[in-house]
Amino acid sequence: MAYITCKNAAFAYEGKIVIDELNFVVHAGDYLCIVGENGSGKSTLVKGLLRLKTPARGAVEFGNGLKSQEIGYLPQQTDVQRDFPASVYEVVLSGCLNRLGRRPFYGAAEKKEALMRMEQLNILDMRRQCYRELSGGQQQRVLLARALCATQKLLLLDEPVAGLDPIVTGELYQMISKINRELHVTIVMVSHDLEGAVGQASHILHLKNKQIFFGTKDQYVHSPIGRAFLGGEEHV
Amino acid sequence: MDGFLEMFSYSFIWRAIFVGVLISACAALLGVNLVLRRYSMIGDGLSHVAFGAAAVAMALGAAPLGVSIPVVLAAAFLMLRLGRNTGGLQGDAAIALVSVSAVAIGVMFLSMSSGMNTDVYSYLFGSVLMLDNHDVLLCIVMSAVILICYLLLWNRMFAVTFDETFTKASGLNVDLYQMVLAAMTAIVVVLGMRMMGALLISGLLLIPVLSAMRLCRNFRAVTFAAVCFSVLGYVLGFLLACAFALPVGAVVAGVQVCVFLLLSLVVQS
Amino acid sequence: MCELLTEAVSYGFMQRALIVGVLMSLCAGVLGVHLVLKRFSMIGDGLSHVGFAALALASVLHFSPLAVSLPLVIAAAFFILWAQGHSEIQGDAMVGVLSIGALAFGMILIALTTGVNADVNSYLFGSILSMNKTDVVLSVTLCAGVFILYILFYQRVFAVTFDETFAQATGTPTGYYQAVLSLMTAVTIVVGMRVVGALLISGLIIFPALSAMRLCRRYRSVVIVAAVLSPVCCVIGLLLSFFCSAPAGAGIILVQLAAYLLTVFISILRGRSA
């Protein structure tokens with residue numbers, strides 16, 4: 001059984017359908033990359049997968065034991081975060097919130113988890129620093145650690161390398177790959193960055209206000225759509 | 001009905017209508033820029049500052065208008081500057097900070113002198129029916145200045161309101177236009193305070209603009225509609241207030257809010 | 001100096017004022033952190049105008065002011081919350097509309113019935129020195145409740161303030177916590193209006209938070225500093241107002257302002273030496 005199954009799903013934004021004919025499957029251990037130009041419906045799909053939106057048509061099913069609290073999410077930056085007084089530790093720890101249930105405070109298990117994630121992402125020594133004083137790349141790693149605290153199973157990343165320089169981008173991709181291979185976390189990544197993202201992925205979903213391709217990376221690279229997109233011949 | 005019509009034979013009524021129309025028009029024009037720059041509460045903040053300044057002036061026995069205008073001007077600059085996100089202060093926090101401080105200082109001064117009296121209430125709630133010719137003249141001059149300035153600077157105002165960074169990058173002295181906007185807002189607030197009261201002048205700067213934005217999609221249309229709503233709303237509110245012996249400021253603000261609510265319900269964007 | 005202090009504290013009205021003031025400013029201080037970070041610095045102003053309408057309504061209907069204010073202000077707070085999520089108008093514009101509308105309504109109501117009177121005075125500037133025993137008990141209970149709730153929900157408040165979308169995406173019922181926060185804000189403002197008055201309530205909310213954010217970089221430190229600074233300023237303000245025969249509300253706010261300017265000064269010094 002797959003973690004996520006989309007069956008003929010469509011999502012709307014402000015009343016209009018912006019993404020249609022979604023038929024894809026995400027299995028445990030996959031590394032799915034969602035590509036498409038601006039306005040192709042990627043963000044709307046992300047909201048749908050996070051259950052922040054219900055499908056206008058069709059269905060999005062979660063299975064294989066995946067609960068809504070078990071999806072980790074790496075959002076694009078928001079304004080509030082930029083000048084917020086919070087230490088790295090506080091931010092990462094907040095990822096454990098969905099495990100608290102009725103308890104008011106985090107227990108030893110959550111704190112240990114947060115520290116472990118920070119170590120895995122090489123940010124443990126920054127734990128007392130103020131989040132807003134970090135560089136873009138460091139902030140992304142903090143948010144990635146937070147996302148991992150929220151999940152063991154599936155990570156959803158929304159344009160994780162937007163605005164980062166090439167070296168930092170490369171490091172982040174390596175980190176995400178490591179998380180996928182060594183920690184067995186399923187990755188669903190929305191990206192603009194074609195070459196970098198496609199290089200890492202196991203499956204590709206290409207959107208242009210509807211699903212125009214879904215399959216493995218090899219299939220994509222050899223498909224007409226993939227070749228056009230990757231070869232830069234497609235102009236929108 | 002006779003009593004109502006008879007009202008129009010009094011010159012103070014005509015003065016009130018005339019002054020009100022002018023100030024409403026100016027407030028609407030400025031309000032468009034303030035709301036679109038996400039400074040919706042600046043009118044509220046400035047009116048509190050105006051109250052504080054008037055209170056200090058009364059405590060010191062000085063002319064309220066003479067003290068209010070420079071103080072409110074300074075406050076407007078401060079709010080627009082501080083709210084630029086430098087030094088970790090957001091726009092609304094800057095407004096709240098300056099306005100609350102001004103009120104606290106004003107109240108302190110007041111209590112140390114005569115205490116609260118009807119003059120203070122007239123600043124809070126307006127006294128449009130007590131205007132004299134001097135007030136009217138001042139108002140005409142100020143409004144004319146604002147209207148002319150605004151028309152001449154129309155395109156630049158739009159550019160700065162829409163995208164400050166880009167406009168600055170293309171060489172325009174954005175700070176100057178910020179200050180011009182702040183100055184004009186300050187004048188409207190201080191003059192409007194006499195009319196509507198400090199507590200309600202912010203309504204004039206905010207609500208006609210919101211109503212206009214419900215209807216129109218481009219800058220020119222929004223500006224025109226805001227002015228219409230503001231002026232017509234004032235006249236209607238004024239007449240209602242006189243007919244039922246209610247405070248003018250409250251009824252005008254009430255009319256504006258009702259218009260906005262009606263439009264919200266009826267117009268589906 | 002000590003005799004002066006003991007003399008001041010010996011008065012019943014001063015004791016009541018100090019107790020209510022300390023608890024109320026504690027709540028306002030910690031909630032203020034959330035409100036300022038969410039760009040709701042002017043909400044105190046807006047909700048206090050709703051409180052004014054409620055007072056007008058209460059005097060017309062001959063009900064107790066608190067009985068009418070609390071539900072109305074809470075409803076207004078929920079409305080603002082709803083408008084933020086569902087309307088295309090900016091959150092603070094909605095606060096403005098609500099604020100003006102309520103004020104106009106209140107003023108018209110008063111004009112239609114009794115006319116302006118002393119109650120308006122205490123509404124505008126606070127009446128902490130004229131609270132009776134029932135007022136105190138009620139205010140203290142409400143504030144204690146708010147503060148305890150805040151402690152219990154601290155981690156959730158942090159998550160919702162820092163990144164609501166993430167919290168929602170990972171399964172936290174953010175709508176519920178937002179509603180609780182609105183409730184706490186409304187209650188704090190209703191009590192706060194008694195203390196410093198409607199014109200100054202925004203100050204109680206923003207100053208401790210702004211001061212704390214100047215000094216600290218961690219959320220927990222910010223909350224703790226705000227929680228300590230706010231009541232301290234309140235006590236100093238009350239005592240100073242007592243000795244100088246100045247209005248209590250204004251006195252408290254001015255002490256808060258002084259504290260804020262001090263933190264600005266400190267942070268500038270830090271900046272120079274860093």
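All values reported here derive from a predicted model rather than from experimental measurement. We use all heavy atoms of the structure for the numbers below, so side chains are in, but hydrogens, waters and symmetry mates are not.
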Side chain to side chain contact (heavy atoms under 4.5 Å, CB included) between B:Leu97 and C:Tyr260, intermediate numbers included: CA-CA 10 Å; B:Leu97 190 117; C:Tyr260 173 70; 3.6 Å; yes
Any side-chain heavy-atom pair of C:Asp45 and B:His48 under 4.5 Å: yes
Heavy atoms from other residues, nucleotides or ligands near CZ of C:Phe13 exceed 12 (cutoff 6.0 Å): yes
Part of B:Ile105 lying under 4.5 Å from any heavy atom of chain C: both
Shortest non-hydrogen separation from C:Ala250 to B:Ala104 and the atoms involved: CB-O, 3.7 Å
B:Val257 portion near chain C, given a 4.5 angstrom heavy-atom threshold: side chain
Proximal component of C:Ile108, with respect to chain B [non-hydrogen, under 4.5 Å]: both
C:Phe243 atom CZ: more than 12 heavy-atom contacts under 6.0 Å: yes
Exercise: identify the closest heavy-atom pair between C:Leu200 and B:Val100: CD2-O, 3.7 Å
Considering all heavy atoms, the nearest C:Ala104-B:Ala250 contact: CB-O, 3.3 Å
Gap between atom SG of B:Cys258 and atom CZ of C:Phe105 - 0.5 Å precision: 10.5 Å
Verdict with supporting geometry, B:Ser202 and C:Ile100, side chain to side chain contact (heavy atoms under 4.5 Å, CB included): CA-CA 8 Å; B:Ser202 48; C:Ile100 302 280; 3.3 Å; yes
Side chain, backbone, both or neither of C:Ile206 within contact of chain B (heavy atoms, under 4.5 Å): side chain
Minimum heavy-atom distance C:Met42-B:Gly45, with the two atoms named: CE-N, 4.2 Å
